[in-house]
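What follows is a short report on a single structure.
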Amino acid sequence: MGPQTAVTSSKEVKMAPGAARLRSSSDGSVYSRRGAGHSLKSSSSALVLSNPKSVLKRPVSTEELQRPGGPYMKKTCTIVGDAVGWGFVVRGNRPCHIQAVEPCGPAAAAGMKVCQFVVSVNGLNVLHLDYRTVSHLILTGPRTVVMEVMEETEQ
């Protein structure tokens, strides 16, 4: 699949492969509209989102996350979306991870952090899904999203 493009009010936004934006950037210039799939709205002309460098220090497999006694602990975040979205960016492929969290957004208030791995969305195991599918589940689901995530324990 190539880059996703959405057009709203004659302004074009291209989304680079590798990141699905589920809320505004910190300056509020780009955001998804709830219920509109991957439609993006822009307050500036022809903004292009780049594929940022991953926040992960190293690749992690789904097997490593599921290994009993491994260095990861599971947390549950219940995120109530607002008029703009949920306040985080999902990226990656089998497993997906949280690439960014808006500091004052709903996800941050629910305890979500950068570098957490997405285990489930509304009770559905998503460890073997790519970010596009995980984003679609979130964007087309209910306004309140219950996500299980795994984060590395401090050693």
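Inter-residue side-chain proximity for S54 and Q99 is flagged as met; some heavy-atom pair is nearer than 4.5 Å. Using a 4.5 Å cut-off on side-chain heavy atoms (C-beta onward), M150 and P95 make no contact. For the pair P106/V80, no side-chain contact is recorded, criterion being any heavy-atom separation below 4.5 Å from C-beta on. Looking at V134 and V121, their side chains come closer than 4.5 Å, going by heavy atoms from C-beta outward.
In this structure, the separation between CZ on R67 and OG1 on T62 is 10.5 Å, given to the nearest 0.5 Å. Atom CD of Q116 sits about 13.0 Å away from atom NZ of K74, to the nearest 0.5 Å. To the nearest 0.5 Å, the span separating CE on M147 from CG on L137 amounts to 10.0 Å. Taken from CZ in R91 to CG in L56, the straight-line distance is 8.5 Å, to the nearest 0.5 Å. Here the straight-line distance linking atom CG of L127 with atom CD of E148 works out to 9.5 Å at 0.5 Å rounding. Considering CZ of R94 and CG of L65, their distance stands at 14.5 Å, rounded to 0.5 Å.
F88 approaches I79 most closely through the heavy-atom pair CE2-CD1, 4.0 Å. Between C77 and A110 the shortest heavy-atom distance is SG-O, 3.8 Å. Of all heavy-atom pairs spanning A108 and P103, the tightest one is CB-O, 3.3 Å. In terms of heavy-atom proximity, V60 sits nearest to Y72 at CG2-OH, 3.4 Å. Smallest separation of non-hydrogen atoms from C96 and V90: CB-CG1, 3.8 Å.
Remark: the backbone N or O of V146 is paired with a side-chain donor or acceptor of N122 at under 3.5 angstrom.
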- prompt: Which is it for W86 and L139 under the side-chain contact (heavy atoms from CB on, under 4.5 Å) test, yes or no, and what are the steps along the way?
  reply: CA-CA 9 Å; W86 292 268; L139 290 167; 3.8 Å; yes

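Under a hydrophobic clustering in which Ile, Leu, Val, Met, Phe, Trp and Tyr are joined whenever their side-chain heavy atoms come within less than 4.5 Å, directly or via other members, F117 and V114 fall into different clusters.
Using a 4.0 Å cut-off between charged side-chain N and carboxylate O, K57 and E152 make no salt bridge.
Of the candidates T133, I138, V118, V118 is the only one forming a side chain to side chain contact (heavy atoms under 4.5 Å, CB included) with V126.
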